[in-house]
Amino acid sequence: MGTNRQIQIALSTIAITIFLWLTACTNQSATTPMQVRVVRVVSGQTLEVLPLNSNQNASPKRVRLIGLDAPARRQLPWGPNAKQYLQALASEQTLQLEFDRQREDKYQRWLAYAWLDGTLINEQLLQQGHAIAVSRYPNTKYQQRFTHAREQARLLGRGIWNPEQPMRQTPAEFRRQNR
């Protein structure tokens with residue numbers, strides 16, 4: 001009987017060790033929401049924010065909204081429309097940023113989902129036809145929601161999907177051709 005007890009203890013110890021190791025390997029800071037104040041709307045997909053707990057001398061941090069690609073500012077009239085819509089939603093607001101697996105991009109911008117009073121702003125931009133849904137691994141938490149929002153805008157002919165004035169180039173194609 002002593003041998004069975006020793007095996008149970010050994011297996012329990014191994015299980016606990018594996019659990020603790022897996023828990024330690026997850027990026028806790030990536031999932032912790034952050035309260036920020038919007039300082040400026042840069043484009044239809046980029047904000048400048050200050051964390052609420054930052055000091056008065058802190059520099060604003062750029063945030064790239066995950067899961068979408070908004071028209072470039074020079075992509076008329078869709079780029080300015082996307083920026084205006086985001087300004088109307090977020091200017092001088094306190095938002096909650098939710099991070100996915102990758103927190104920053106190669107330009108040192110935070111990659112985030114922006115929430116305002118329970119509304120996912122990234123999704124709103126897609127639903128109103130101000131951006132296209134673009135999934136970039138590893139940040140794919142709301143990919144299905146965003147695809148659904150894009151399809152809703154497309155079917156209703158909103159924004160870039162307006163059949164009388166559709167956007168003919170994706171934002172990425174436009175940026176490549178207009179460098």
Side-chain angles (χ1 to χ4, degrees), residues 26-51 60-75 77-91 93-162 166-178:
T26 60
N27 186 353
Q28 294 298 320
S29 65
T31 59
T32 304
M34 177 187 293
Q35 296 276 56
V36 298
R37 183 176 52 82
V38 176
V39 175
R40 183 169 84 98
V41 174
V42 177
S43 70
Q45 63 194 17
T46 306
L47 304 167
E48 284 187 353
V49 302
L50 282 172
K61 182 72 175 177
R62 286 217 172 175
V63 176
R64 170 72 162 77
L65 299 178
I66 298 173
L68 59 93
D69 198 5
R73 288 177 287 187
R74 294 184 340 218
Q75 200 168 357
W78 310 281
N81 289 348
K83 181 180 177 182
Q84 287 172 354
Y85 185 78
L86 186 54
Q87 279 176 322
L89 281 176
S91 282
Q93 295 289 329
T94 298
L95 304 179
Q96 188 165 0
L97 297 183
E98 178 185 354
F99 300 99
D100 207 332
R101 296 175 150 236
Q102 180 184 359
R103 189 178 177 129
E104 278 192 349
D105 66 9
K106 64 183 178 182
Y107 305 107
Q108 283 75 53
R109 296 178 296 190
W110 284 340
L111 302 172
Y113 305 105
W115 294 87
L116 175 64
D117 300 327
T119 300
L120 182 53
I121 291 177
N122 311 49
E123 184 177 37
Q124 285 295 113
L125 284 160
L126 293 162
Q127 281 179 339
Q128 297 306 314
H130 293 295
I132 60 172
V134 176
S135 178
R136 290 187 179 95
Y137 182 81
N139 296 330
T140 58
K141 182 175 184 176
Y142 296 110
Q143 180 178 350
Q144 287 184 326
R145 259 177 98 159
F146 292 169
T147 300
H148 177 70
R150 181 209 57 215
E151 283 306 300
Q152 181 182 12
R154 190 182 65 77
L155 290 171
L156 295 172
R158 292 180 178 155
I160 63 176
W161 307 106
N162 180 342
M167 187 174 70
R168 302 257 183 232
Q169 287 182 307
T170 68
E173 291 168 340
F174 182 86
R175 284 190 293 273
R176 270 194 301 274
Q177 289 183 1
N178 293 281

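Starting from 1, each residue takes its place in the sequence as its number.
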> So which heavy atom on Gln75 is nearest to which on Pro171, and how close?
Replying inline: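 Between these two residues, the closest heavy atoms are OE1-CA, 3.6 Å.
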> So which heavy atom on Pro166 is nearest to which on Trp78, and how close?
Replying inline: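 For Pro166 and Trp78, the tightest heavy-atom pair comes out as O-CZ2, 3.4 Å.
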> Taking the six-membered ring of Tyr107 as reference, does the NZ or CZ atom of Arg109 fall below 6.0 Å from its centre and within a 45° cone about the axis?
Replying inline: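 Not flagged: Arg109 not positioned over aromatic ring of Tyr107.
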Heavy-atom distance under 4.5 Å between the side chains of [X] and [Y], does that happen here?
| X | Y | answer |
| --- | --- | --- |
| Leu95 | Val63 | no |
| Leu50 | Val36 | no |
| Arg64 | Trp110 | no |
| Val42 | Leu47 | no |
| Val49 | Pro60 | no |
| Arg103 | Leu111 | no |

Rounded to the nearest 0.5 Å, what separates atom [atom1] in [X] from atom [atom2] in [Y]?
| X | Y | atom1 | atom2 | answer |
| --- | --- | --- | --- | --- |
| Arg74 | Phe174 | CZ | CZ | 5.5 Å |
| Arg150 | Leu155 | CZ | CG | 10.0 Å |
| Asn162 | Met167 | CG | CE | 12.0 Å |
| Arg101 | Thr140 | CZ | OG1 | 7.5 Å |
| Leu120 | Glu98 | CG | CD | 7.5 Å |
| Ile121 | Leu116 | CD1 | CG | 5.0 Å |

>> Could you go through Glu104 and Lys61, starting from their C-alpha distance and side-chain angles, then the distance that decides it, and tell me whether this counts as salt bridge (charged side-chain N to carboxylate O under 4.0 Å, His left out)?
In response: CA-CA 11 Å; Glu104 278 192 349; Lys61 182 72 175 177; 3.0 Å; yes
Let me check something: any side-chain donor-acceptor pairs from residues 125-135 under 3.5 Å, sequence neighbours excluded? List them with distances.
from, atom 1, to, atom 2, distance (Å)
Gln127, NE2, Gln152, OE1, 3.4
Ser135, OG, Gln143, OE1, 3.3

>> Any salt bridge linking Asp69 with Arg175? Criterion: basic side-chain nitrogen under 4.0 Å from a carboxylate oxygen.
In response: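 A salt bridge is present here (some side-chain N lies under 4.0 Å from a carboxylate O).
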> Are Glu173 and Arg168 close enough for a salt bridge, meaning some N to O gap below 4.0 Å?
Replying inline: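 No.
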> Between the side chains of Gln177 and Gln169, does any donor sit under 3.5 Å from an acceptor?
Replying inline: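 On atom types as modelled, these side chains qualify, holding a pair under 3.5 Å.
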> Does a donor on one side chain and an acceptor on the other come within less than 3.5 Å for Asp100 and Tyr113?
Replying inline: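 There is such a pair between these side chains.
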